[in-house]
Amino acid sequence: MRLRALLETDALGLRLLGGEDELDRTVRGVMTTDLRDPSRYLSGGELVLTGLAWRRDTEDSEPFVRILAGAGVAGLAAGEAELGDIPGDLVEACRQHRLPLFAVNETVAFATITEHVVRQVSGERAGDLAAVVDRHRRLMTSGPAGGGPEVVLDLLTSDLDLRAWVLSPTGRQIAGAGAPLPGPLGAALAGHHLAATRTGRRGPHRAAVAGTTYSLFPIRNTGRGAVPAARDVRESVLSDWLLAVEADASDWPAARLDLLQGVTQLIAVERDRRDAARTVRRRLAQEVLELVQAGAAPAEIAARLRVAAPVLLPGLGVAPQWQVVVARVDWSSGDQVGAGDDIASGPVAQALLEEILVDPAVSGPDSADRIAVAHTGEEAIALVPLPTPTTVAADPGEGDGDADALDADPGLHADALLASVREPLSAGLADDGRLTLGVSAAVHSAEGLRGALEEARHARRVAAARPGRVCAAGHHELASHVLLLPFVPDDVRRAFTARLLDPLRDYDRRHRAELIETLEAFLDCDGSWTRCAARLHLHVNTLRYRVGRIEQLTGRDLSRLEDKLDFFLALRMS
């Protein structure tokens, strides 16, 4: 609304004292204050109401008005109840800073003015945006000329002064208006959203991060692959997008909330389009997976890969390497075994794996165009192409630096995949869900895909044997003792570790001798007396005494490889 409209409403009891040339300013809100410096609470466009309690003498008016003008407020309305007539020094300060000034009759409550302004501003903006949203709905439903969610978010900014971003379940920015949302902030907002959704609360959800309040609106998948609303929330919580708005929607009128719900529906249309575009890649992955699992001839698998390569890596002139990633989402309910068996986890794991494999530093859909994920049963299986490293002829005088570079593993690494998504996904999984993921080594031909698939599945089972809601393991771990330890039965673990370590723990508890710490350091230093003593800040003779006590209490000899290995495994399993 305009300032001029305030004077046309007799019930507000406003009298203009100065600023006739500025009455076409837009009022975007209202604020009541008697602070000497209210700048921290101003964002621009407000009508400021004040009872003048901040004014002690004539020198106070100019600094107060200068602060308001600098904050970009629309106008100032001063109450006459405190001082009677509005002081001339305030009138002069407003004239100097070109700030419209109103006098408020002492019979009119500030609450009356506030209610009128809020009602008018919300109603007018709602009407304006309703027309905008309706126009954009027609654009988006008529074809790709609508411009995608970025156009909708731009309209929110220009018409409602709202900064907003579309985020994936892991907090990756898919679309935004203005400055990009920092990655950690996006992950934090996604975590808040997932945690609130798991509690069953209806959106929008309120989240306060780093002193700023956001409202989080779910964007439901409405396409062919959508989960019916009546199904368990766990089937959709890890795959739905969200709209993060930098504002507190808790006190919004129903009309504005309805508009934002309409915006989420528009964005859901775009989500459906992008999911449809993934259909080809998913089908390619499914065909290759079925051939690999059926034991098809390598030549037949290679033919399918030749079809997939141009789709996943357009313009690539040579056959790529391939990696296989396997993911699984398991649900339970406390101690009830199989409580999550009726939840369709395969499609959820598929959508989630597609998200995890996107480079978190890339916003928008582009990098997802190189990801092909199928699902079989409760597993999601990704076929990830890797460009073949370009062989660079080394200069004879430059050593073997290039060769070392080529030996570096260019593929996906299990821990790196989960680094930026662990926090939000843990919130979505809550206390009854787990995500486990396994990554194979890169293979160079169709013959290697079957082995890569089994390798990724073995790695996922290693991850599943670890504690935590979100776990991953890579192919390099399959050649280590860590492959074996998770599958040792619990009773065998307890008996083995108790026999070797309990005597040391009991002695440490009675004498504070730190024998367990000494044993760990000694093995970590490969039995080197000098390095171990230096690490523990001990004299070598003291170290020898402690090791002797360990051998005496356990009946083992730490100079023997077999006994060192037993201690090493016991410490790892404890």
Side-chain angles (χ1 to χ4, degrees), residues 149-150 153 163-199 201 203-221 233-234 236-249 264 267 271 274 325 327 329 348-368 371 380 382 412-437 439 463 468-472:
E150 289 83 359
L153 302 185
R163 298 178 66 207
W165 302 265
V166 178
L167 304 179
S168 75
T170 65
R172 181 178 62 88
Q173 180 175 321
I174 295 168
L181 200 66
L185 176 55
L189 292 176
H192 279 288
H193 173 72
L194 291 173
T197 302
R198 286 302 312 276
T199 64
R201 301 205 317 263
H205 308 302
R206 183 179 182 276
V209 181
T212 302
T213 300
Y214 299 86
S215 296
L216 311 175
F217 294 79
I219 299 173
R220 303 299 184 193
N221 185 3
V233 67
R234 291 176 290 183
S236 62
V237 66
L238 296 177
S239 57
D240 283 342
W241 288 358
L242 67 136
L243 176 67
V245 180
E246 190 180 307
D248 187 350
T264 64
I267 298 172
R271 168 72 186 269
R274 295 186 182 184
V325 183
V329 176
V348 176
Q350 180 183 40
L352 191 55
L353 185 53
E354 286 172 336
E355 169 61 27
I356 290 173
L357 291 174
V358 176
D359 184 348
V362 177
S363 62
D366 296 340
S367 57
I371 299 167
L412 303 173
H413 298 270
D415 291 337
L417 284 176
L418 297 181
S420 62
V421 302
R422 192 182 304 275
E423 181 180 348
L425 292 186
S426 295
L429 292 163
D431 295 328
D432 58 354
R434 292 198 74 209
L435 167 68
T436 51
L437 184 145
V439 182
R469 291 290 162 194
V470 181
C471 299

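Just so you know, these numbers come straight off a predicted model, no measurement behind them. If you read the sequence from its start, that first residue is 1, and numbering goes on from there. Just so it is clear, the values below take in all heavy atoms, side chains as well, and ignore hydrogens, waters and symmetry mates.
Leu216 is listed as a side-chain neighbour of His192, based on a closest heavy-atom distance under 4.5 Å. At least one side-chain heavy atom of His193 sits under 4.5 Å from a side-chain heavy atom of Thr197. Contact annotation: the side chain of Val358 never approaches that of Thr170 to less than 4.5 Å [non-hydrogen atoms, C-beta and beyond]. Counting only heavy atoms from C-beta outward, the side chains of Val470 and Leu437 never approach each other to under 4.5 Å. For the pair Leu243/Leu153, a side-chain contact is recorded, criterion being any heavy-atom separation below 4.5 Å from C-beta on. Counting heavy atoms from C-beta on, the side chains of Phe217 and His205 never come closer than 4.5 Å.
Considering all non-hydrogen atoms of both residues, Pro424 and Ala187 come closest at CB-O, 3.7 Å. Among all heavy-atom pairs drawn from Ala190 and Ser168, the shortest one is CB-O, 4.1 Å. The two atoms that bring Ala244 and Leu189 nearest to each other are CB-CD1, 4.0 Å, heavy atoms only. Across Trp165 and Gly176, no two heavy atoms sit closer than the pair CD1-CA, 3.8 Å. The shortest heavy-atom contact between Gly203 and Pro218 is CA-CD, 4.1 Å. Across all non-hydrogen atoms, the minimal contact from Thr199 to Arg201 is OG1-CG, 3.2 Å.
The closest donor-acceptor contact from the side chain of Arg206 to the backbone of Tyr214 lies at 3.5 Å or more, if one exists at all. When atom types are taken as modelled, the side chain of Arg198 and the backbone of Gly428 share a donor-acceptor pair closer than 3.5 angstrom. A donor-acceptor pair is defined here as one N or O able to donate and one able to accept, closer than 3.5 Å; such a pair exists between the side chain of Ser215 and the backbone of Ala247. Looking at Arg172, its side chain never comes within 3.5 Å of a backbone N or O of Leu167 through a donor-acceptor pair.
Atom CG of Leu357 is separated from atom CG of Leu412 by 6.5 Å, given to the nearest 0.5 angstrom. If you take CD1 on Ile267 and CG on Leu242, they are separated by 10.0 Å, rounding to the nearest 0.5 Å. Annotation: the span from His413 atom NE2 to Leu418 atom CG amounts to 13.5 Å, rounded to 0.5 Å. Atom CZ of Arg422 is separated from atom CD1 of Ile356 by 10.0 Å, given to the nearest 0.5 angstrom. In this structure, CG on Leu425 lies 7.0 Å from CG on Leu194, to the nearest 0.5 angstrom.
Screening residues 168-189 for ring pair (Phe, Tyr, Trp, His ring centres under 6.0 Å) gives no qualifying pairs among residues at least two apart or on separate chains.
Checked options Leu435, Leu238, Leu353; the residue passing with Val348 is Leu238 (criterion: side-chain contact (heavy atoms from CB on, under 4.5 Å)).
Residues that satisfy the salt bridge (charged side-chain N to carboxylate O under 4.0 Å, His left out) test with Arg434, not counting sequence neighbours, are absent from this structure.
In this structure, Asp240 does not pair ionically with Arg271, as no charged nitrogen and carboxylate oxygen lie closer than 4.0 Å.
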Exercise. Does the pair Leu429 and Val329 meet the rule for a side-chain contact (heavy atoms from CB on, under 4.5 Å), with working shown?
Worked result: CA-CA 9 Å; Leu429 292 163; Val329 176; 4.2 Å; yes
